[in-house]
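Proteins get letters first, then strands, A, B, ... in listed order; numbering begins at 1 in each. Here the structure is a predicted model, which means the values were calculated and not measured.
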Amino acid sequence: MIQAQGLTRRFGTRLAVDGLDLDVPRGEVFGFLGPNGAGKTTTIRMLAALIAPTSGSAIVAGHRLGEANREIRRRVGVLTETPGLYRRLSARDNLLFFARLYPVREPERQVERYLRLFELWDRRDEPAGSLSKGMRQKLAIARALLHEPEILFLDEPTAGLDPEAAKTVRDLIEALRSKDRTIFLCTHNLDEADRLCDRIGLFRTRMLAVGAPAALKKEMYGRRTVVHLASPSPGIEQALDLPFVTKVERLDDRLIVSLADPDAENPALVRRLVELGAEVRFVNELRVSLEDLYLDLMEGRDAKA
Amino acid sequence: MRRLRVLLFKEWRESLRNKMVVFGVVLLPLFLVGISVYMITLGEGIGDPTASIVMFNTSLMYFLLLPTIIPLAIAVYSIVGEKEQTTLEPLLATPISDLELFLGKALASVIPAVVVNWLSFGLFLAATRIVVGAVPLQALTAPWLASIFGLSPLLALFSVGVTMLVSSRASDARAAYQFSSFAILPGLVPLIVYSSKQTLVDLRLVVAEGAVLVVLCAVILYLAIRVFRREQILTRWK
């Protein structure tokens, strides 16, 4: 659905996006993560045919960027960082205006459908400026969906929303995924990205890593077993001579053991530790959060080290 | 064409909900019509029959100023309003073309300015006829009519072009309004020329000003269209 090769954008001498390669298939929720000023919004603007790349190419919804920009804009929906609603116009008039700019059949009916879906129907005649922040965000998402886009670019869709409204938005993203829509999600909420995204891309001017959250964590950190010992058992990490153990670290009364396949190798590990005289209290897998991965990558740390 | 119409109606719907715009478009012309008729009445009161004709002549010049003043309010709020409400990017993300966007914004200001100006002019003539009588209307010559009907669209277009250029760089409506005010200068030219000559307008002057305005409009619109490109709006506008 989105294929980019070497997509680059410069603003004068400043490099905003550097050689982005990307392949997002239909129906995928792709999380695009990076700090402020990383070039995420510029990337969205390029992929949504709003600004031209300095170099590189992309095919979005089957159309080549720069050759069929209007067609691309017909097929994508964009939720910008701020809701961007006409404050003096009613919620309904806001949506009707946008529905009529797209080739939407029966705009009134489509607007009603989305106002009801987002529970805004009862507030349809109120000026958008008088709605709460959460309602305005829902209205902006409705606007991005009105023309049933094949690809949806969402820039911080839950930023500033209360937990209830944020959940509504997340549920909506889940529902859209099941309808085979491709979603390109920019967010700072790493927990949200971990839960919602099939794959994530960690980006700072250039792509630092791409993959499924679990696979990325595994790739970056490997799988590690934490053995909690009842007593310190000094020197036991040196005595642990199993061939599948790649690394052992000690943290107080805990051993952190790097293994290729903990599911298969943990029983043998525990058996050997007991043979060596260790008193094992319990064993668990070391959980690495997406936040750890994000911070390590953004700060350029070698995660495995 | 359909999208242009959609944008035009949205602009007008929004403008009607903005008190500043409504004041500029409705109350100001009404005020000028009222004050003009009052001045002609005063002229008639002097007892010199030419006094009311001079006042009538002077009042006609307001209808060369109105088409430059009326679109200021609409155009400023139409562009700076989009910036303040951060609605430009969602709008640019639609299939609307750069030209449709530019024309929508420009015509949304030019059409009401010209229509309101002509309506005000009609109201002024009717009010003068009713309140003062037919004598002052003798000053209404073909060159005057050519001025008011022929030059007003050009004056409005020039004013809108300048306002669009200024508004693209301004971050608040007040600053845009102040900097755009010089767009009324072409409307003042006939006022100065006619006043200094103490005479009625002549057709050569109208044609000359029309020609100058056509050139000015072409330059200003060329610049405004260049500023109204998606890329420019998203990356350069502040």
Okay, Ser97(B) and chain A: the region with an atom under 4.5 Å from a heavy atom over there is both
Residues 13-25 of chain B: residues contacting chain A (heavy atom under 4.5 Å, by number): Arg13(B), Glu14(B), Arg17(B), Asn18(B)
Measure distances from Arg2(B) to the heavy atoms of chain A and classify the residue's part below 4.5 Å as side chain, backbone, both or neither. side chain
Going by atom types only, do Thr80(A) and Glu89(B) share a side-chain donor-acceptor pair under 3.5 Å? no
For this output row, return yes or no: ring centroids of Phe121(B) and Trp118(B) closer than 6.0 angstrom. no
Option in Leu96(A), Val76(A), Leu85(A) with maximal non-hydrogen atom pairs under 4.5 Å from chain B: Leu85(A)
What are the two closest non-hydrogen atoms of Pro25(A) and Arg199(A), and how far apart are they? CD-NH2, 3.9 Å
Mind checking whether Phe124(B) and Phe56(B) have ring centres under 6.0 Å apart? yes
If I measure from the heavy atoms of chain B, does Ala48(A) come under 4.5 Å with its side chain, its backbone, both, or neither? neither
Quick one: list whatever passes side chain to side chain donor-acceptor pair (under 3.5 Å) with Glu71(A), sequence neighbours left out. Arg74(A), Arg75(A)
Does the pair Asp98(B)/Arg229(B) count as a salt bridge with the N-to-O cut at 4.0 Å? no
Proximity breakdown for Phe11(A) and chain B, heavy-atom pairs closer than 4.5 Å: side chain
Closest heavy-atom pair, Tyr86(A) versus Ala128(A), reported as atoms and distance to 0.1 Å, is O-CB, 3.6 Å
With only heavy atoms counted, which part of Ile51(A) is less than 4.5 Å from chain B, the side chain, the backbone, both or neither? both
If you compare all heavy atoms of Ala156(B) against all heavy atoms of Pro71(B), which two are closest, and at what distance to 0.1 Å? O-CG, 4.1 Å
Let's test your reading of the structure: which of Thr82(A), Val78(A), Leu89(A) forms the most heavy-atom pairs below 4.5 Å with chain B? Leu89(A)
Do Lys138(A) and Phe118(A) meet the cation-pi criteria used here (NZ or CZ under 6.0 Å from the six-membered ring centre, within 45° of the axis)? no
Result for salt bridge (Lys or Arg N to Asp or Glu O under 4.0 Å) between Arg181(A) and one of Glu148(A), Glu174(A), Glu150(A), Glu28(A) points to Glu148(A)
Counting heavy-atom pairs under 4.5 Å with chain B, which one of Arg45(A), His147(A), Glu81(A) comes out on top? Arg45(A)
Across all chains, not counting sequence neighbours, the side chain to side chain donor-acceptor pair (under 3.5 Å) partners of Asp122(A) are none
In plain terms, say whether Glu84(B) and Arg88(A) are close enough for a salt bridge, that is, a side-chain N and a carboxylate O under 4.0 Å apart. no
If you measure from OG on Ser55(A) to CG on Asp18(A), what distance do you get to the nearest 0.5 Å? 8.5 Å
Among Leu88(B), Thr235(B), Ile96(B), single out the residue with the greatest number of heavy-atom pairs under 4.5 Å to chain A. Thr235(B)
So if I take each residue of residues 72-82 of chain B and look for any heavy atom under 4.5 Å from a heavy atom in chain A, which residues do I end up with? Glu82(B)
Minimum heavy-atom separation for Trp144(B) to Met61(B), with atom names? CH2-CG, 3.5 Å
